[in-house]
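In what follows, every heavy atom counts, from backbone to side chain, and hydrogens, waters and symmetry copies are set aside.
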Amino acid sequence: MVRPSAAMVRRKSSTVHYQTFPTPPPKSKGQPPSDTSSSPNGTGHARHASHTSQHDESPLPIKQLVVLAIISLSEQTALNSIGPYLPQMVSTFPDVDIGQVGLYVGLVASSFALAQFATNFFWGWLSDRIGRKPVILTGTLLTAVCFVGFGFVRTLWQAVIVQVLMGLVNGNQGVVSTCLGEITDRSNQSRAFTYLPVIYGLGGITGPVVGGLLVARNARFTKKDPYPYLRPNLVSAVVLVVDLLIAMIFLEESLEEARDLPPLGKRVGNLFSWAWQFASSSRPSYLRIPDVARKPSRHTNGDAAMDDDEEDDSDSDSASQASIPTMLPHHTTDLSHSQVFNRDTVLLMSTYLIFQLSNISYNSLYPIFGQAAPPRGRNLSPEEIGFSLAFAGAATIAFQLGIFGKLREKMGNKITYRVCLAGMVIAFVLTPWVGYKHIENGDGGISSGKGWLWAELAFILLVKSLAAVGCLTSFLLLITNSAPNHSVLGTLNGLAQTLSAAGRAAGPFLAGGLFSLATHVEPKGEALAFGVFGGITVVGFLLSFGIRGKGLEADDWDEEDGSEDGEDDEDEEEHHAR
């Protein structure tokens with residue numbers, strides 16, 4: 001009986017396979033076929049492919065996009081639910097002084113980001129080795145367990161430990177971005193990636209609602225209510241469990257090599273089988289090496305019989321070894337370090353770290369600046385700060401859904417990324433110069449009075465929010481297209497999330513420290529912190545000019561703006577004439 005090959009038993013998938021490269025990547029994990037073979041200068045075929053693909057856009061894999069959206073929204077809802085009650089929770093811990101609440105809130109929040117910094121790269125690398133779906137399921141399950149644990153904490157150090165554990169096991173954001181890059185191609189990836197920041201924005205709305213509504217205003221640790229913060233954490237855990245079930249049933253594996261493996265449940269069973277053999281046998285079947293070169297000896301009947309027995313054992317070992325299904329994808333090609341971390345990927349990672357550091361620092365500086373007393377701050381109430389941020393968030397979602405795609409089509413990924421970094425610089429430069437509520441405080445602002453204050457803040461927050469979401473979307477598209485092979489896309493996204501975690505961990509501390517220092521600087525001390533981070537963002541803006549790879553744009557973007565197409569047509573006609 002002939003054993004069916006892997007190609008014969010391959011499971012069918014409704015997911016469009018990763019087509020980021022100009023031509024489809026090979027089944028093995030080698031580098032994608034060169035599209036320069038059809039012409040001596042290496043440009044004719046690529047441009048022709050670009051022209052044809054512009055008129056043939058692939059349909060979006062709606063089912064898988066919905067599943068990934070549910071995964072992202074569930075996680076963002078759960079993670080953002082902690083923010084509204086965290087200051088109150090920390091203030092009720094018995095080992096926290098009331099004057100140190102701000103410091104310890106930052107400690108708890110940063111512990112999560114620092115833990116993510118330690119493991120995000122690992123989760124991305126692991127998803128390249130065992131598949132995307134197992135990593136997502138593992139991260140979702142363990143994060144749900146951590147939320148249950150966070151509901152039972154009663155001391156500061158318990159909260160820090162649980163947040164560290166939550167950060168260690170949660171690397172799904174980078175893996176979801178990887179899946180999104182693999183189920184889309186260059187013709188439709190822009191539309192797909194446009195919706196990811198929208199999901200994050202919705203999570204920034206649903207999460208605070210869950211955390212804010214399920215905790216009493218004056219919650220305290222008492223005998224009657226020993227765990228006053230359990231309810232929002234249980235709700236978050238339930239949301240993640242529902243997310244886990246949906247992912248188990250409907251999420252399809254997007255890593256090509258992992259699709260040929262047995263179902264995930266059978267692979268887990270194989271793991272226990274292998275572990276049992278390793279513990280109970282001195283010679284597990286998967287470690288036996290068949291001796292195919294051995295030939296039976298014919299010196300004596302006894303020797304021949306012994307050799308026959310050994311040959312039977314060898315055949316048995318071979319059959320046993322072959323009967324154990326594979327647990328891990330088979331990697332046929334290893335890319336070199338220089339191929340993975342080329343100039344474009346290194347510059348993208350560097351500028352992304354600067355962007356995340358600047359973005360989280362602005363998010364930390366604005367509330368401090370807004371509520372501080374004049375002349376350093378603008379004396380805004382918490383309600384006014386919240387309203388301004390909600391306005392910016394709603395405008396960002398509308399921009400992402402209605403405008404960003406059209407702008408990106410006209411400018412391309414690289415220029416969009418560069419312009420958005422410039423927008424971040426503008427926001428940092430202008431913020432400390434907004435006017436004051438009252439004219440008597442107008443000691444250096446462009447103008448004074450509530451009308452001018454809100455007009456200026458609205459403009460600056462719009463610029464900052466739109467620049468931030470544009471940077472994120474453009475980066476996701478650029479890093480997806482910069483991957484030399486889809487086998488390392490998880491690693492690159494994991495590294496990107498590691499750098500993001502580094503920025504989120506360092507930003508709040510640096511921002512708060514600089515603004516505290518600014519209170520002793522005369523005049524316009526508030527400009528110190530904004531100016532420092534604005535200068536850092538300028539560095540990222542300048543570095544972005546080095547990102548020049550030709551394969552970083554979508555199919556609908558003409559790198560030469562039509563100037564070279566005419567030349568190619570003329571060359572083609574000349575070639576046919578000859």
Side-chain angles (χ1 to χ4, degrees), residues 68 71-72 74-76 78-80 82 106-150 153 157-181 196 200 203 236-237 240 243-244 247 251 254-255 258 264 268 271 328-329 337 340-341 345 348-350 352-353 355-357 360 472 475-476 479 483 487-509:
L68 292 175
I71 294 171
S72 297
S74 301
E75 280 212 352
Q76 292 301 313
L79 294 175
N80 287 312
I82 297 175
L107 175 64
V108 175
S110 294
S111 61
F112 174 82
L114 284 171
Q116 279 197 317
F117 172 75
T119 58
N120 261 335
F121 181 80
F122 165 76
W123 289 117
W125 172 86
L126 186 64
S127 74
D128 284 337
R129 297 301 180 273
I130 68 174
R132 318 303 183 197
K133 186 172 181 177
V135 172
I136 289 177
L137 296 180
T138 302
T140 303
L141 175 62
L142 295 180
T143 303
V145 172
C146 288
F147 267 100
V148 175
F150 196 67
V153 302
W157 294 111
Q158 288 176 353
V160 170
I161 290 172
V162 174
Q163 283 294 304
V164 167
L165 292 175
M166 193 180 297
L168 290 175
V169 303
N170 188 290
N172 282 359
Q173 185 173 342
V175 182
V176 167
S177 299
T178 302
C179 291
L180 198 56
L196 194 57
Y200 295 157
S236 296
L240 290 174
D243 165 29
L244 176 69
L251 181 64
S254 61
L255 182 64
L264 185 58
V268 174
L271 175 63
L328 303 178
H337 185 275
V340 177
F341 298 104
T345 56
L348 279 168
M349 294 298 176
S350 302
Y352 187 63
L353 172 60
F355 158 67
Q356 286 289 5
L357 175 64
I360 194 64
L472 177 60
F475 171 81
L476 292 175
I479 198 63
S487 65
V488 296
L489 187 57
T491 300
L492 290 176
N493 276 310
L495 178 58
Q497 294 309 312
T498 298
L499 298 177
S500 172
R504 288 184 284 113
F509 280 111

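- Taking 4.5 Å as the limit, every side-chain heavy atom of Ser74 sits out of range of all side-chain heavy atoms of Leu244.
- Between the side chain of Asn80 and the backbone N or O of Gly203, at least one donor-acceptor pair lies under 3.5 Å.
- Residues Ile82 and Gln163 meet the side-chain proximity criterion, which asks for heavy atoms closer than 4.5 Å.
- Taking all atoms of both residues into account, the shortest heavy-atom contact from Ser72 to Val176 is OG-CG1, 3.5 Å.
- Between Ala501 and Asn120, the shortest heavy-atom distance links the atoms CB-ND2, 4.3 Å.
- In summary, the side chains of Asn493 and Ser177 do not present any donor paired with an acceptor at a separation below 3.5 Å, with no hydrogens or angles considered.
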side-chain contact (heavy atoms from CB on, under 4.5 Å) between Thr119 and Thr498, worked out | CA-CA 7 Å; Thr119 58; Thr498 298; over 6 Å; no
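- Taken from CG in Leu348 to CD1 in Ile479, the straight-line distance is 5.0 Å, to the nearest 0.5 Å.
- Summarising the geometry, atom CG belonging to Asn172 is positioned 10.5 Å from atom CG belonging to Leu68; distances are rounded to the nearest 0.5 Å.
- Here Cys179 contributes atom SG and Ile136 contributes atom CD1; the two are 4.0 Å apart, rounded to the nearest 0.5 Å.
- The shortest side-chain heavy-atom distance between Leu492 and Met349 falls under the 4.5 Å cut-off.
- The two residues Ser127 and Gly124 come nearest to each other via the heavy atoms OG-O, 2.7 Å.
- One N or O on the side chain of Asp128 and one on the backbone of Gly490 form a donor-acceptor pair closer than 3.5 Å.
- Of all non-hydrogen atoms in Tyr352 and Ser500, the two that sit nearest each other are CE2-CB, 4.0 Å.
- Across all non-hydrogen atoms, the minimal contact from Gly503 to Ile360 is O-CG2, 3.1 Å.
- Judged by distance alone, the side chain of Trp123 and the main-chain N or O of Leu168 form a donor-acceptor pair under 3.5 Å.
- Side-chain contact between Phe147 and Leu79: present, with at least one pair of heavy atoms (C-beta onward) separated by less than 4.5 Å.
- The backbone N or O of Leu255 sits nowhere less than 3.5 Å from a side-chain atom of Arg132 that would complete a donor-acceptor pair.
- Checked by atom type and distance alone, the side chain of Ser110 never pairs as donor or acceptor with a backbone atom of Leu107 at under 3.5 Å.
- No donor-acceptor pair under 3.5 Å is formed between the side chain of Asn170 and the backbone N or O of Gly139.
- Counting heavy atoms of neighbouring residues, nucleotides and ligands inside a 6.0 Å radius, atom OH of Tyr200 exceeds 12 of them.
- The CZ atom of Arg504 sits 12.0 Å away from the CG atom of Leu357 when rounded to the nearest 0.5 Å.
- Atom OG1 of Thr140 and atom CG of Asp243 lie 4.5 Å apart (nearest 0.5 Å).
- With values rounded to the nearest 0.5 angstrom, Phe112 atom CZ is found 15.0 Å from Phe117 atom CZ.
- Shown here for Gly167 and Gln116, the closest heavy-atom pair between the two residues is O-CG, 3.4 Å.
- Using a 4.5 Å heavy-atom cutoff, the side chains of Val169 and Thr138 are not in contact.
- Under the side-chain contact (heavy atoms from CB on, under 4.5 Å) test applied with Ser111, the options Leu165, Ile161, Val164, Val162 reduce to a single match, Val164.
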